[in-house]
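Here's the structure, in structure tokens; my notes come after.
Please read all numbers here as calculations on a predicted model, not as lab measurements. For ligands, and for the atoms within them, numbers begin at 1 and follow the listed sequence.
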Amino acid sequence: MKLLFVLSLVAVACHAANAEERRSFPADFLFGCATAAYQVEGAWDEDGKGENIWDHMTHNRPTTIKDLSTGDIAADSYHNYKRDVEIMRELGLDAYRFSLSWSRILPTGFANEVNPKGIEYYNNFIDEMLKYGITPMITLYHWDLPQKLQELGGFVNPLIANWFEDYARVAYENFGDRVKHWITFNEPREICYEGYGGDRKAPMVNSTAVGTYLCAKNLVLSHANAYHAYNNDFKPTQGGQCGITISVNWFGPLTDSEEDQFAAEIRRQGEWGLYAEPIFSAEGGFPKEFTERVAAKSAEQGFPRSRLPTFTDEERAWVRGASDFFGVNHYTTFLVSATEHLDVAPVPSVIDDEGVGVYRPPEWPVSQSSWLVRAPNSIYNALTDLQKRYNNPAFYITENGWSIAPERDLIDDDRVAYYRAALESVLDSLDAGVNLKGYMAWSLLDNFEWLEGYTERFGLYNVDFEDPARTRTARKSAYVYKHIIKNRYIDHEYEPETLTMTIDEGH
Ligand code: NOJ
């Protein structure tokens, strides 16, 4: 009897200790999922939508896509948006981040002709989310430029800043009464470096010397135009916020040597500093050491001026501080060396300008995507660096996720492990005082993974792409994410009893 009493006292004490140790996410922390128009919507030419650069590329150069697929139908969210909201409710999401298809709203890209059916689709979708208390977060541009604008140069034509502002205004006017979270661009690095400097994204311009840099300047100016338009003409009545999402993977030094530390810094500046520094730094403009390096290389290579353009004082001031929050897409970590693992790169090119090598230890688990590995403290390292560098602005993690092979079943334990580790790293960041407001998992459901087609699956929900109905089925990771959202802490022991999804009361 006495022993029993003592044992139960011990049990109570342990329980209290666990509760004390258990770290919770703040009650107002926004948990959500993210997608992008071209990756999920389909209906590529329905109801007046114009052609965009991904329609154009997948139709005219089909072999650029690994499995020769297209986003013509994708997850068919255009017709399944109610089911999509239903799965958001199953998960108990607070928020949903999605993008608008520019050419669905403005078929030619220009704002003289607005497609009413496009507006209607997004109105219905937004209203359906709001009906169930889900906060819509809109990305204006997630890589699907109207083809007509590409024919005029796209992001290397400085007039893009006007065209983008005009489009943004149409979106604010039509949806801003209900939408309070605006993201101008998704991942400028991937738009500029992969689309203009290289050939890993449409429009595959592959201008290695200057493409990335011309695009970078025009893109941050486009962002600033859209930000100021919102700030001056819509925020006073609509009261929302407008920011940008940049891909910030972590680049740490391979060793503690000064050379490797500097190499890692150069890589950070070349990868994400090019886009973050002009907006979030106190001085504005492109990152200092990287600017010096490109100027020196350009001179050596016989260019009469640096391949990296500069900002006028007026432009610099216009861009600096032009964001209400910093959206971070974070997936992985690279270790950077000054002398080892050097890439073979064309000369001149961004990679050659950086002139560093990257490495990942073989023990870090690899996903279905070769670039995506699970590294320790990845989110913490990235966010605490940004926190110090840019004076702790408001942050959202706007994407984070893990891919698996299409043939896998619904038991995605490697994804569960990735999300649990990532969210522990989020808690570490909150403990360190990072002003982080929310976290969006990539992705709500399987979708078209750009040049990889449907060969890499990122969804918490599986999509059956063989089935005309594009049936959505929750994977194990969906149950685990739902449990975390509901309880606001990470239970590493939790296992769903059955894989049967229901909508909890109140959702
Ligand atoms: C970032 C991009 O924004 C998204 O479109 C892509 O599918 C994911 N990364 C996964 O690669």
Side-chain angles (χ1 to χ4, degrees), residues 32-42 52-55 57-58 65-67 69-71 74-75 77 96-102 137-145 183-195 198 200-203 219 223 243-250 271-272 275-276 326-334 366-375 378-379 382 396-406 412 414-415 418-419 422 439-463 465 477:
C33 283
T35 61
Y38 186 76
Q39 295 179 272
V40 300
E41 278 181 8
N52 66 41
I53 54 176
W54 281 89
D55 297 321
M57 194 173 91
T58 56
I65 311 298
K66 193 168 183 181
D67 56 2
S69 64
T70 71
S77 288
Y96 181 60
R97 171 178 178 243
F98 64 104
S99 80
L100 304 180
S101 157
W102 186 337
M137 186 179 264
I138 288 189
T139 310
L140 289 168
Y141 186 76
H142 199 127
W143 305 356
D144 46 357
L145 194 73
I183 294 168
T184 54
F185 286 100
N186 177 70
E187 296 195 348
R189 173 198 173 268
E190 281 63 22
I191 298 168
C192 294
Y193 172 71
E194 298 196 329
R200 296 294 304 158
K201 294 282 177 308
L219 188 145
H223 159 79
I244 185 167
T245 280
I246 300 175
S247 50
V248 181
N249 286 318
W250 181 240
E271 290 278 316
W272 42 259
Y275 316 96
F326 192 138
V328 172
N329 284 359
H330 180 92
Y331 285 87
T332 197
T333 289
F334 297 83
V366 188
S367 70
Q368 172 74 357
S369 316
S370 54
W371 55 272
L372 172 50
V373 303
R374 175 155 66 86
S378 205
I379 289 182
Y396 288 91
I397 291 184
T398 43
E399 280 184 35
N400 179 242
W402 184 256
S403 62
I404 61 171
D412 51 350
D414 48 340
R415 178 178 286 126
Y418 178 89
Y419 274 122
Y439 173 95
M440 308 291 131
W442 183 274
S443 177
L444 178 67
L445 73 183
D446 289 342
N447 54 55
F448 178 82
E449 179 58 15
W450 310 111
L451 294 194
E452 313 307 327
Y454 299 98
T455 66
E456 297 178 6
R457 303 292 175 88
F458 278 89
L460 292 171
Y461 277 67
N462 173 75
V463 175
F465 291 102
S477 53

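By the 4.5 Å heavy-atom criterion applied to side chains, Gln39 and Glu449 are counted as neighbours.
Partners of Ser443 according to the side chain to side chain contact (heavy atoms under 4.5 Å, CB included) rule, which considers only residues two or more places apart in sequence or in another chain, are Thr35, Asn447, Phe458. By the ring-ring contact (aromatic ring centres under 6.0 Å, His included) test, Trp102 pairs with Phe164, Tyr167, sequence neighbours left out. Every residue meeting the side chain to side chain contact (heavy atoms under 4.5 Å, CB included) condition with Ala276, not counting sequence neighbours, appears here in chain and number order: Ile246, Phe280, Phe326, Tyr390.
Note that CG of Leu145 is 9.0 Å distant from CD1 of Ile191, once rounded to the nearest 0.5 Å. Here the straight-line distance linking atom CZ of Phe448 with atom OG1 of Thr455 works out to 9.5 Å at 0.5 Å rounding.
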Which protein N or O atoms sit under 3.5 Å from any N or O of ligand 1? Give each pair with its distance.
| from | atom 1 | to | atom 2 | distance (Å) |
| --- | --- | --- | --- | --- |
| ligand 1 | 3 (O) | His142 | NE2 | 3.1 |
| ligand 1 | 3 (O) | Asn186 | ND2 | 2.8 |
| ligand 1 | 3 (O) | Glu399 | OE1 | 3.2 |
| ligand 1 | 3 (O) | Glu399 | OE2 | 2.8 |
| ligand 1 | 5 (O) | Gln39 | OE1 | 2.8 |
| ligand 1 | 5 (O) | His142 | NE2 | 2.9 |
| ligand 1 | 5 (O) | Trp450 | NE1 | 2.9 |
| ligand 1 | 7 (O) | Gln39 | NE2 | 2.9 |
| ligand 1 | 7 (O) | Trp442 | NE1 | 3.3 |
| ligand 1 | 7 (O) | Glu449 | OE1 | 2.6 |
| ligand 1 | 9 (N) | Tyr331 | OH | 3.4 |
| ligand 1 | 9 (N) | Glu399 | OE1 | 3.3 |
| ligand 1 | 11 (O) | Glu449 | OE2 | 2.5 |

